[in-house]
Amino acid sequence: MKATGIVRRIDDLGRVVIPKEIRRTMRIREGDPLEIYTAVDGEVIFKKYSPMGEMSEFAADYADVLYRAIGEPVLISDRDRIVAAAGLGKREIIEKRISPELENLMESRENYVKSADKKPLCPVADFDKCAAASYTILCNGDVSGAVILLQNRDDYTPSVSDIKLIEVASRFIGKQTES
């Protein structure tokens with residue numbers, strides 16, 4: 001754990017303000033849920049809560065099934081990081097931060113399908129593969145992540161059924177996250 005040198009007092013209602021610089025760096029937005037952990041030595045630790053993170057094993061299985069059905073790599077992300085991958089080296093991509101482009105797409109609750117008139121969507125910065133399709137995962141009306149179909153070859157264009165599988169996956173994972 002790294003000390004920031006920032007000290008904040010608790011107000012009379014028990015609240016503490018997390019400084020803007022830390023919120024920006026950690027991508028903590030207004031309304032984001034935080035988990036609170038305590039340690040024996042008096043530490044209180046705040047951690048961003050990710051329902052998708054809790055479902056990473058399920059998400060990995062789902063990504064694997066999609067990869068086997070479509071034959072192209074599949075990623076599943078929460079709002080900040082890749083939580084599951086199939087069809088490529090997991091070590092190279094799991095826990096990588098999503099790109100600002102993907103983050104903006106999810107925040108606007110939009111989906112992406114590759115076409116000649118659209119700019120390529122790279123789901124992770126400094127990663128050599130772009131998305132063929134991306135569908136936002138919604139949980140109780142809130143964005144909780146995305147299901148991303150990567151293109152392994154430049155000439156790959158997702159079929160209607162590939163796109164439908166990604167859409168169904170995003171809706172199903174969103175429903176599973178709710179329960």
Side-chain angles (χ1 to χ4, degrees), residues 2 21-29 32 47-139 142-177:
K2 178 167 71 167
E21 303 80 34
I22 292 174
R23 292 192 320 263
R24 189 178 322 120
T25 303
M26 301 305 294
R27 293 183 174 183
I28 298 171
R29 301 164 200 85
D32 279 356
K47 182 180 176 191
K48 277 185 75 171
Y49 174 72
S50 168
M52 291 300 298
E54 286 187 4
M55 295 184 55
S56 61
E57 199 172 303
F58 171 79
D61 289 343
Y62 208 117
D64 190 53
V65 168
L66 284 171
Y67 168 66
R68 290 171 194 248
I70 298 171
E72 295 293 325
V74 175
L75 305 175
I76 299 177
S77 76
D78 64 11
R79 290 179 59 187
D80 297 305
R81 300 183 186 286
I82 303 299
V83 297
L88 47 100
K90 290 177 176 71
R91 285 194 181 121
E92 69 179 293
I93 194 74
I94 297 290
E95 289 297 315
K96 293 265 181 165
R97 204 170 242 196
I98 65 169
S99 68
E101 294 82 16
L102 180 57
E103 186 178 2
N104 291 337
L105 189 74
M106 289 190 309
E107 287 304 314
S108 61
R109 291 172 162 70
E110 292 180 30
N111 300 311
Y112 171 87
V113 177
K114 173 189 166 186
S115 67
D117 61 330
K118 285 187 181 171
K119 181 181 159 199
L121 172 67
C122 293
V124 177
D126 300 325
F127 189 64
D128 61 343
K129 295 189 185 334
C130 289
S134 174
Y135 269 75
T136 301
I137 299 169
L138 297 175
C139 172
D142 295 327
V143 173
S144 61
V147 178
I148 305 136
L149 174 62
L150 295 178
Q151 58 182 61
N152 223 2
R153 320 174 303 275
D154 288 337
D155 63 339
Y156 171 70
T157 302
S159 68
V160 173
S161 60
D162 293 347
I163 294 165
K164 202 62 169 166
L165 283 170
I166 297 300
E167 178 185 4
V168 168
S170 71
R171 291 177 187 222
F172 184 77
I173 293 169
K175 277 288 190 198
Q176 291 302 305
T177 309

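Predicted model, so just to flag it, every value in this text is computed and none were measured.
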Where the side chain of Lys96 meets the backbone of Asp126, is there a donor-acceptor pair that is under 3.5 Å apart?
no
Go through it in stages, so that I can follow the logic: the residues are Phe58 and Ile173, the test is side-chain contact (heavy atoms from CB on, under 4.5 Å), and I'd like the CA-CA distance, side-chain angles, deciding distance and then a yes or no.
CA-CA 9 Å; Phe58 171 79; Ile173 293 169; 4.1 Å; yes
Which distance, rounded to the nearest 0.5 Å, do you find between the CD1 of Ile76 and the CG of Asp78?
11.5 Å
Nearest 0.5 Å please: distance from the OG atom of Ser161 over to the CD1 atom of Ile70.
7.5 Å
Lys118 to Tyr112 six-membered ring, cation-pi geometry met (6.0 Å, 45°)
yes
Check each of Cys130, Ser134, Pro123 against Leu150 using the side-chain contact (heavy atoms from CB on, under 4.5 Å) test, and report the only one that passes.
Pro123
Straight-line distance of Glu107 CD to Thr136 OG1, nearest 0.5 Å
9.0 Å
Can you pull out every salt bridge (charged side-chain N to carboxylate O under 4.0 Å, His left out) where at least one residue sits in residues 156-168? Sequence neighbours excluded, please.
Lys164-Glu167, Glu167-Arg171
Where do Phe172 and Val147 land on the side-chain contact (heavy atoms from CB on, under 4.5 Å) test, with the steps shown first?
CA-CA 11 Å; Phe172 184 77; Val147 178; over 6 Å; no
Identify the residue among Ile148, Asp80, Ile82, Leu105 that makes a side-chain contact (heavy atoms from CB on, under 4.5 Å) with Ile98.
Ile82
Starting at OG of Ser77, measure out to CD1 of Ile93 and round the result to the nearest 0.5 Å.
10.0 Å
With Asp61 via side-chain contact (heavy atoms from CB on, under 4.5 Å) - residues at least two apart
none
Measuring from atom CG of Leu149 to atom OH of Tyr135, what distance do you get when rounded to the nearest 0.5 angstrom?
11.0 Å
How many angstroms lie between SG in Cys122 and NZ in Lys129, if you round to the nearest 0.5 Å?
11.0 Å
Give the minimum heavy-atom separation between Gly87 and Pro73, together with the two atoms involved.
O-CG, 3.9 Å
Checking the side chain of Asp64 only, and the main-chain atoms of Ala60 only, is there a donor and an acceptor separated by less than 3.5 Å?
no
Does atom OH of Tyr62 have more than 12 heavy-atom neighbours from other groups under 6.0 Å away?
yes
Heavy atoms from other residues, nucleotides or ligands near CZ of Arg109 exceed 12 (cutoff 6.0 Å):
yes
For Pro158 and Val113, work out which heavy atoms get closest and say how close.
CG-CG1, 4.3 Å
Might you point out which heavy atoms bring Lys114 and Gln151 nearest each other, and give the distance in Å?
CD-OE1, 2.9 Å
